[in-house]
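I have placed the structure first, in the form of structure tokens, so that the comments after it can refer back to it.
Treat the numbers as computed from the prediction; the structure is a model and nothing was measured. Side chains are part of it too, since the values below use all heavy atoms of this structure and drop only hydrogens, waters and symmetry mates. Just so it is clear: chains get the letters A, B, ... in the order the sequence lines come, proteins before strands, and each one is counted from 1.
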Amino acid sequence: MAKQTLEKVYDPQACEKRWYEFWEQQGVFRAAMNSGKPSYSIVIPPPNVTGSLHIGHALNNTLQDIMVRHKRMQGYNTLWIFGTDHAGIATQNVVERQLAAQGLNRQQLGREDFIRRVWEWRKESGNIITKQLKLLGASCDWERERFTMDEGLSRAVRQVFARLYQEGLIYRGNYIVNWCPRCATALSDLEVEFEERNGHLYHIRYPLIIAGAESQEYLIVATTRPETMLGDTAVAVNPDDERYNKWIGQKVLLPLCQREIPIIGDSYVDPAFGTGCLKVTPAHDANDFEIGKRYQLPQVVVMNIDATMNKEAGVYQGLTREECRKKVSHDLEQGGYLEKIEDYRHAVGHCYRCKTVIEPTVSQQWFLRMKDLAQPAIDAVREKKVQLIPSHWEATYFDWMLNIRDWCISRQIWWGHRIPAWYCKDCGHINVHLEDVTACQKCAGKNLDAETDVLDTWFSSALWPFSTMGWPDKTKEMEFFYPTSLLVTSFDILFFWVARMIMLGLKFRGQVPFHQVYIHALVRDAEGRKMSKSKGNVVDPLTKMEEYGTDALRFTLTSLTAQGRDICLDEKRIEGYRNFMNKIWNAARFSLLNLEDFSCQDMANNALEFTLADVWILSALQRLIADADSALAEYRFNDYAGALYHFFWHEFCDWYLEMIKLRLNDPQATKIQRYSTQLTLVTVLEQCLCLLHPIVPFISEEIWQQLPRKNGHVASIMITPWPKFEERLINKEAEARIDTIKEVVGAIRNLRAELNLSPAMVLPKVLLSLGNIKVREILRAHEAYLRSLCKVGQFEIGTGLTRPSGSISAVDQYGEIFLPLAGVMDIGQEIQRLQKAVNQTKEELEKVEGKLNNPAFVEKAPAVVVEKEQLRRSELQEKLSKLLSNIDKIRL
RNA sequence: GGGCGGGUAGCUCAGUCGGGAGAGCACUGGCCUUACAAGCCAGGGGUCACAGGUUCGAUCCCUGUUCCGCCUACCA
């Protein structure tokens, strides 16, 4: 790429697309399978095929991209598998809405045509998120893209289903499940969201049957759902409840239905709740279902699949649940059966897809037995074969896994993996098989009905880490990349997805699907509220990427990713990091301007002549590399970003670049000297770009491509070797010297600022009176830095210097600073300024003396700590006396 | 009901071994200093939620209280 002068302001739009295309062209996203190298792999949490990029995706994929880019630079065989999820209910909803717009529904189309329509939709609109992830810079191996409904993954699903069925882990049966009347399908327990709602507790009188006839006596039951009474088949009381236990075995008359139902005794009933009498509706309540099984009560389903009342509801047939509740309540009151209605707040289950109130209903479904699958998965986490990060999620994981319940895996929708079961109409045998069954395996009859239900989408997701790699076939991918190294996900799908992958991975591969799981937080708005369309506080990552640049957004998200914390995203932060991108840009601009006459040469290290600044920055860079490495290794993303931010801006730009201006602008500098500093400059800049690259891929590539470098270099920063920490470059002496210089420069600048001296004004002379000979030596040796960084014409550096008359003074840990400003200074103001310093020093001194005067402290604290305090005391005492003496002499 | 996380500067948050409280943003003052005003220099600002305890010493460890958030659960 030709050299060019950089613009003053970084323009992300101008380069992002260009570099992404360049990377694709170069094939650098493709997984290498080089047998000499270690492997690193991640499978993406597959976004819904209907999805578009939201801020959570942006975070999730930025973190994955950071790890993958980092490992790729470290030389691993790196694979990041991308793919999408067929999202059964969500996708079906989308296509159904499209049909509705044309006045059609899926029943009119028929199953086959409908499925064809979904595939068409997927072809046209199913790759939105793919394009958006590319905009985000994601370095997935796009050639290995998978879809949960594609041929290979479908085969994996069937294989798993068939084996689990054969082993008796999958069974079919009539049980109570969570039914969504809007989606017209069963849901798993996890797909129900409970929310507190204001409701009512209806107290209803159930007349007792005495001597075969309705009596005036009654039991009162309390319920939040009076409409379900139409399906009541018993009333239960606690057998120890002396108010009622005499009635056990008797009957009550069910109001409105004129049905006699038994009174049973069951310890499930809490005598303290409500009236102590519980109406039992086995077909519409999960607990009642259990009670019903214990007493062989009939199950009366009173609703249709859309939650309108069915013929069992008698006169209420055809009403919706809500209408029926009103009517029942009204009729009870009319009949004198309603004791009272109380306000009552309780949790109501809603469909996680469409928010419709769930109707617990008995129906014929398929289930996966979980207990046996859970145990090895619990052990795997306990034994750290799968490491959850942060580890406090383990508690949540164990709690759920230990109380796991069977998983309802069948869905009454059309879009999804059809359950591979065929019912023989001749002998009743259920045929479950990998391939389509055309003749009954038991009676050879050809009279078969295929199962119409499909599987829960999460069933196929559970196989994702190995199904995407070609399992059940033996593939090179499986050999190289399974188990995967890391999974990056959000905690809200820990049970939905992570736990199930561990269980099925262990079951079918005998190995965990991933070694580590990094669980990140939710992105909230600046006030910490969950983002939602209804609140209107959604931050659209794509808009922000356009406004501030993709790198700025990525850096922001990374900086805010501290473990165990939610992320509160304030747009101000994005702006701030956009500014950081610009800072990087301008530092590069400065560097390139000063590297125009530079070309890399082979030169022995000992022939070079480095400045103190050069030696120091190389040393500081080593510390940065070490910090970045350890932060990444421990997934402290915020520390990783923070270390880079601090080093680049506040060490490299603020100090190093300012210091080397001296040499770069010095016409007296020899070629070797100039070359040495230029070499340091380009080295540090390049290594910073490499360290930054995983977070900010675009700007780092844009600048990197323009750096002068040796021949035979690689094509992209993406495949440049990751910087290596070099112990030999650590130079504590240089670091200490720079610290001293920074300290003195700071003190002089502070004085200037407090006196309101214009930065443009060059102070003719400054005196430094320093007690320590080493400090004097350092400052004398590097006086040039002081002169340029403090805008001072001349220094007098010595010890015990007398304060020139009419001088401003300051005292710091090294000694005294005098600015001779005869005639300019305001004595009153100066006394005030010094007095303030005196007060501060006194306060600190009191604290230290408090400690040292405490005999227990001197006796029990470690010697090092005590010595430290003693040293501090003497320093403060000396500072105080100097300050006081300066006030004393102020008028001289 | 059970569990988890949190309460540190005006805001959002760091704080790894218990030993002089930090960052970013915001704010104040001064500067268009030949990379950058999306910038430079300097500065102000905190009873580390509250109460006890352990310790020579607690933001940090222990106990309790309180507030906020989340997860989970078969009290109708």
Side-chain angles (χ1 to χ4, degrees), chain A residues 6 8-10 194 201-202 221-225 228 236 268-270 272-281 285-291 344 346-347 390 392-393 395-396 399-400 403 491-492 494-495 521-522 524 526-530 548 552 559-560 562 564-570 572-573 575-594 630 634 636 638-639 642 645-646 650 653-654 657-658 661 665 746 749-754 756-760 788-789 791 844 847-848 851 854-862 864-866 868-869 872:
Chain A
L6 271 51
K8 251 187 153 176
V9 173
Y10 172 58
F194 283 90
L201 201 53
Y202 298 77
V221 300
T223 180
T224 54
R225 305 196 54 204
T228 63
Y268 167 74
V269 180
D270 176 2
F273 186 87
T275 59
C277 297
L278 173 70
K279 64 191 269 307
V280 182
T281 322
D285 182 281
N287 299 311
D288 295 4
F289 178 80
E290 293 299 324
I291 296 173
Y344 188 64
H346 63 131
H392 67 250
W393 287 107
T396 311
D399 184 59
W400 189 71
N403 297 303
F491 63 84
D492 51 348
L494 185 60
F495 307 142
L522 231 56
R524 298 168 179 281
E527 277 78 48
R529 295 170 307 181
K530 215 167 175 171
Y548 298 102
S559 295
L560 294 175
R565 276 272 196 171
D566 278 348
I567 294 174
C568 295
L569 183 61
D570 186 338
K572 284 274 181 198
R573 299 297 297 263
E575 192 185 324
Y577 291 115
R578 186 269 319 261
N579 296 352
F580 180 49
M581 295 305 113
N582 200 45
K583 188 73 181 176
I584 296 172
W585 184 253
N586 275 291
R589 194 162 159 260
F590 170 86
S591 303
L592 290 172
L593 285 171
N594 284 286
S630 70
E634 292 161 36
R636 288 180 283 111
N638 58 326
D639 287 341
Y645 183 95
H646 179 262
H650 299 301
C653 291
D654 287 354
L657 294 186
E658 292 305 322
K661 280 176 183 174
N665 295 333
R749 282 174 172 174
N750 175 275
L751 260 184
R752 295 186 62 127
E754 282 193 22
N756 253 328
L757 300 179
S758 156
S788 81
L789 295 172
K791 292 254 166 124
E844 284 178 61
K847 264 201 225 166
V848 175
K851 273 190 186 179
N854 178 357
F857 172 75
V858 181
E859 195 185 320
K860 296 197 175 174
V864 202
V865 176
V866 177
K868 211 170 129 192
E869 293 298 323
R872 193 165 146 67

Query raised in the report: Taking for each residue the nucleotide of RNA chain B with the nearest heavy atom, is it A:F495 or A:L201 whose nucleotide lies nearer the 5' end?
Result: A:F495
Report summary line: Judged by nearest nucleotide, the residue sitting upstream toward the 5' end of RNA chain B, A:T396 or A:N638, is A:N638
Report task. State, to 0.1 Å, how close A:F857 and A:E869 come at their nearest heavy-atom pair, and which atoms those are. Result -> CZ-CG, 3.9 Å
Would you measure the distance from the [atom1] atom in [N] across to the matching atom in [M] and give it in whole Å?
N     : M     : atom1 : value
B:G45 : B:U28 : C1'   : 11 Å
B:U47 : B:C56 : C1'   : 22 Å
B:G24 : B:G57 : C1'   : 32 Å
B:C60 : B:A21 : C1'   : 12 Å
B:A58 : B:A51 : P     : 14 Å
B:G22 : B:U59 : P     : 14 Å
B:U65 : B:G29 : P     : 48 Å
B:G7  : B:C17 : C1'   : 25 Å

Just call it for [X]: base, sugar-phosphate, or nothing, with non-hydrogen atoms closer than 4.0 Å on any strand.
X      : value
A:Y202 : nothing
A:K279 : nothing
A:A222 : base
A:A286 : nothing
A:Y268 : base

Tell me whether the OP1 or OP2 atom of [N] has a side-chain N or O from [X] closer than 4.0 Å.
X      : N     : value
A:N403 : B:A73 : no
A:K8   : B:G39 : no
A:H650 : B:G24 : yes
A:K661 : B:A35 : yes

Quick one: pull up [atom1] in [X] and [atom2] in [Y] and give me the separation to the nearest 0.5 Å.
X      : Y      : atom1 : atom2 : result
A:K661 : A:S788 : NZ    : OG    : 9.0 Å
A:L278 : A:N287 : CG    : CG    : 8.5 Å
A:E658 : A:D654 : CD    : CG    : 7.5 Å
A:N579 : A:W585 : CG    : CH2   : 15.5 Å

Side chain [X], main chain [Y], donor-acceptor under 3.5 Å:
X      : Y      : answer
A:N403 : A:D399 : yes
A:N750 : A:G746 : no
A:R573 : A:S559 : no

What's the [atom1]-[atom2] distance between [X] and [N], to the nearest Å?
X      : N     : atom1 : atom2 : value
A:Y645 : B:A38 : OH    : C1'   : 11 Å
A:F491 : B:C71 : CZ    : P     : 7 Å
A:L560 : B:A14 : CG    : P     : 10 Å
A:N579 : B:G39 : CG    : C1'   : 9 Å
A:R752 : B:C31 : CZ    : P     : 12 Å
A:D639 : B:C13 : CG    : P     : 16 Å
A:W393 : B:G6  : CH2   : P     : 11 Å
A:W585 : B:C36 : CH2   : P     : 14 Å

Query - By salt bridge (Lys or Arg N to Asp or Glu O under 4.0 Å) - contacts of A:E575 (at least two apart) - result: none
Requested in this report: Output all residues satisfying salt bridge (Lys or Arg N to Asp or Glu O under 4.0 Å) with A:E290, sequence neighbours left out; order by chain, then residue number.
Outcome: none
Query raised in the report: Taking the six-membered ring for Trp, are A:Y344 and A:F273 parallel (under 30°), tilted (30 to 60°) or perpendicular (over 60°)?
Result: perpendicular
Requested in this report: Can you run through RNA chain B from 5' to 3' and write each base as (, ), [, ], | or . depending on how it pairs? Watson-Crick or G-U wobble, both distances under 3.5 Å.
Outcome: (((((((..((((.....[..)))).(((((.......))))).....(((((..]....))))))))))))....
**Report entry** Pairwise side-chain contact, A:V865 with A:K868, heavy-atom cut-off 4.5 Å (strictly under)
**Finding:** no
**Report entry** Per-nucleotide protein contact string for nucleotides 53-62 of chain B (B base, S sugar-phosphate only, - none; heavy atom under 4.0 Å)
**Finding:** ---B------
Report task. Can you check each nucleotide of nucleotides 41-47 of chain B against protein heavy atoms at under 4.0 Å and return B for base, S for sugar-phosphate only, - for none, in 5' to 3' order? Result -> SSS----
Measure from the side chain of [X], starting at C-beta and using heavy atoms only, and say which of [options] lies closest.
X      : options             : answer
A:H392 : B:U12, B:U72, B:C4  : B:C4
A:P759 : B:U33, B:C74, B:G19 : B:U33
A:R573 : B:A76, B:A35, B:G24 : B:G24
A:H346 : B:A35, B:A76, B:G19 : B:A76

Report summary line: A:T281 meets the side-chain contact (heavy atoms from CB on, under 4.5 Å) criterion, sequence neighbours left out, with A:T228, A:D232, A:K279, A:H284, A:D288
Query raised in the report: Looking at the rings of A:Y577 and A:Y548, which for Trp means the six-membered one, are their centres under 6.0 Å apart?
Result: no
